[in-house]
**Q** 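Sharing a structure with you now.
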2 protein chains.
Amino acid sequence: MKNEKVTPIALSTQALERMPYYLHYIKQLQKKGITQIASPAIAADLGLNEVQVRKDLAAVSSSKGKPKAGFYIQDLIYNMEELLGYHNVKDAVLVGAGSLGKALLSYKGFEISGMHIVAAFDNQDGLIDTEINGKKVLPVSKLSSVCRRLNIHIGIITVPANQAQTVCDQMVAGGILAIWNFSPIRLTTPEGIMVRNENMAASLAILSQHLKDKLKEHML
Amino acid sequence: MKNEKVTPIALSTQALERMPYYLHYIKQLQKKGITQIASPAIAADLGLNEVQVRKDLAAVSSSKGKPKAGFYIQDLIYNMEELLGYHNVKDAVLVGAGSLGKALLSYKGFEISGMHIVAAFDNQDGLIDTEINGKKVLPVSKLSSVCRRLNIHIGIITVPANQAQTVCDQMVAGGILAIWNFSPIRLTTPEGIMVRNENMAASLAILSQHLKDKLKEHML
DNA sequence: TAGATTGTTAATCGATTAACAATC
DNA sequence: TAGATTGTTAATCGATTAACAATC
């Protein structure tokens, strides 16, 4: 018995990171009425390697690409959205309704990507029971019970460093499986919990490093 | 003639990304009065590989580690802050004073990391000439001239996708060398300009993927 | 000294890129 | 058909991890 298409080709994290760019790009093409696209064209426009793009598309597309013509845009969009999870809405909670937390609560991009922030949590008295972008702010003490009760599996952490690990522990206790961590520390979690670090300080460091090199170069 | 310490060991992007975590961690230790730290201890607490930590520390530290004892915390902190550019303030501009832009303008973490956002730019009439966290909002038309005049080399892009490339071009015209891109598209830039993508959609995709796998696993 | 930790050299791993025959 | 583009197999590249002698 052949096991065709049952085991999807595993996609590397890097490849997964490129997907939203492909998706955005080919959606633009679709708007212009274009129906097919070939890897070399995408590669040129997005500044990527041709073979890399081809491999990425092959990994995600259910239909094969046609030599000379490329892939059907319609298929690609569907497959990518499916892969990226846009078709089934995922509920999430956010802890830490400071400036960054508020910004994320108001960020329209999430809805498009199939994520819905159900509630926010904070410990500041002034914030509790207020609403931000239509989302109620609850005391952190209710975090794990709410997650458990509503079957929520994604948690977003936007609290300061010294509170992040505690919040993380409470999320895990509430059944959270994937954590998006905006605090500047590495969280310790049990096996099976994924933590994705959105590391502002690191990004800044990399830019800063480049800047240093460039300015030095300029001196010589 | 020996060329000692003149050419610093090149640090990979990944290693650079780990630095802020090391720095935060050893600063905590310093607060507790600890003066020395060894790689295996850091590795255990941060969930990293021992050898990796040792290599990272060796790459950044000006003094050598002592067998049995490890590295001097004071030295490490100084060297890391130096490397990460915390000691010399870098001016930056931000374009796009929407919710994310506002959050970044108010984010205290940047000052600690040696970055100072000098001004914000937007095209929305209601925002121009207002102040956000003490920073004036100017019309985008002034972007490149302001950058040029104030010798600013870092630009932060928090505008929607369809405006991002235009803003990027204006930044480059203004002499910006490092761009922190929060928009969901890949920017095209001349050689020598570094773009760091803060890719929300990608992060979400990776979390979402993990969640899908975990929930499926749970079914079986 | 004994043992932990260092720095370095080699092996492994995974992703990207190159080469090329197959195909529309 | 000719030529562009595909999918696949092999080579390259870079980072992580392992192995080990040197050292405090």
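Just so it is clear: chains get the letters A, B, ... in the order the sequence lines come, proteins before strands, and each one is counted from 1.
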**Q** Taking CD from A/E50 and P from D/dT6, how many angstroms apart are they, rounded to a whole number?
**A**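 Taking CD of A/E50 and P of D/dT6, I get 8 Å after rounding.
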**Q** Using the test side-chain hydrogen bond (donor to acceptor under 3.5 Å, both in side chains), find all partners of A/N151 that sit at least two apart in sequence or belong to another chain.
**A**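 A/H153.
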**Q** Which atoms form the tightest heavy-atom contact between B/A15 and B/D56, and what is the distance?
**A**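 Minimum heavy-atom separation between B/A15 and B/D56: CB-OD1, 3.6 Å.
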**Q** Tell me: CG of A/L57 to P of D/dG7, nearest whole Å?
**A**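 Result: 8 Å.
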**Q** Which range-with-range stems can be found for DNA chain D when each stem has 3 or more Watson-Crick or G-U pairs in a row and both distances sit under 3.5 Å?
**A**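 As far as DNA chain D goes, consecutive pairing (with distances under 3.5 Å) yields the stems C:3-24 with D:3-24.
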**Q** By nearest nucleotide on DNA chain C, pick out whichever of B/K64 and A/S12 is the more 5' one.
**A**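 In this pair, the answer is B/K64.
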**Q** Under a 4.0 Å heavy-atom cut-off, which of residues 14-49 of chain B touch DNA chain D?
**A**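 Heavy-atom contacts with DNA chain D come from B/Q14, B/R18, B/N49.
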**Q** Between D/dT8, D/dG3, D/dG7, which nucleotide gets closest to the side-chain atoms of A/K68?
**A**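 Of the candidates, D/dG3 comes closest.
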**Q** Looking at the base of C/dT8, is there any donor atom on it, or on the side chain of B/K55, that sits under 3.5 Å from an acceptor on the other one?
**A**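 No pair found.
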**Q** Search all heavy atoms of A/S113 against all heavy atoms of A/Y86 and return the closest pair with its distance.
**A**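 Heavy atoms of A/S113 and A/Y86 come nearest at O-CD1, 3.3 Å.
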**Q** Filter on side chain to side chain donor-acceptor pair (under 3.5 Å), then keep only pairs touching residues 29-42 of chain A, sequence neighbours left out; what's left?
**A**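 Output for this query is empty, none listed.
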**Q** Using whole Å, what does the distance between atom C1' of nucleotide C/dC24 and atom OH of A/Y72 come to?
**A**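 Going from A/Y72 (OH) to C/dC24 (C1'), I get 11 Å.
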**Q** Please write out each protein N/O paired with an N/O of nucleotides 19-21 of chain C under 3.5 Å, distance rounded to 0.1 Å.
**A**
none

**Q** Is it true that A/K27 and A/E81 make a salt bridge, defined as a side-chain N closer than 4.0 Å to a carboxylate O?
**A**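 Yes, this pair counts.
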**Q** Between P on D/dT6 and CD on A/Q52, what's the gap in Å once rounded to a whole number?
**A**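 That distance rounds to 14 Å.
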**Q** Give one of base, sugar-phosphate or nothing for B/K66, where a contact means two heavy atoms less than 4.0 Å apart.
**A**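 Result for B/K66 = sugar-phosphate.
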**Q** What are the two closest non-hydrogen atoms of B/L211 and A/K90, and how far apart are they?
**A**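 Distance-wise, the nearest heavy atoms are CD2-CD, 4.2 Å.
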**Q** Of all the heavy-atom pairs spanning B/I185 and B/Q165, show the shortest one and how long it is.
**A**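 Smallest heavy-atom distance, with atoms named: CD1-N, 4.2 Å.
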**Q** Examine the side chains of B/S62 and B/N79 and answer whether a donor and an acceptor come within less than 3.5 Å of each other.
**A**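 Yes, a side-chain donor-acceptor pair sits under 3.5 Å.
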**Q** Applying side chain to side chain donor-acceptor pair (under 3.5 Å), which residue pairs with at least one partner in residues 185-208 of chain B are found, sequence neighbours left out?
**A**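 Side chain to side chain donor-acceptor pair (under 3.5 Å) check on residues 185-208 of chain B returns A/Y21-B/N199, A/R196-B/S203, A/E198-B/S203, A/S203-B/R196, A/S203-B/E198, B/E17-B/R196, B/W180-B/E198, B/N181-B/N197.
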**Q** Side chain of A/H210, backbone of B/G192: donor and acceptor closer than 3.5 Å?
**A**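 Checked: pair present.
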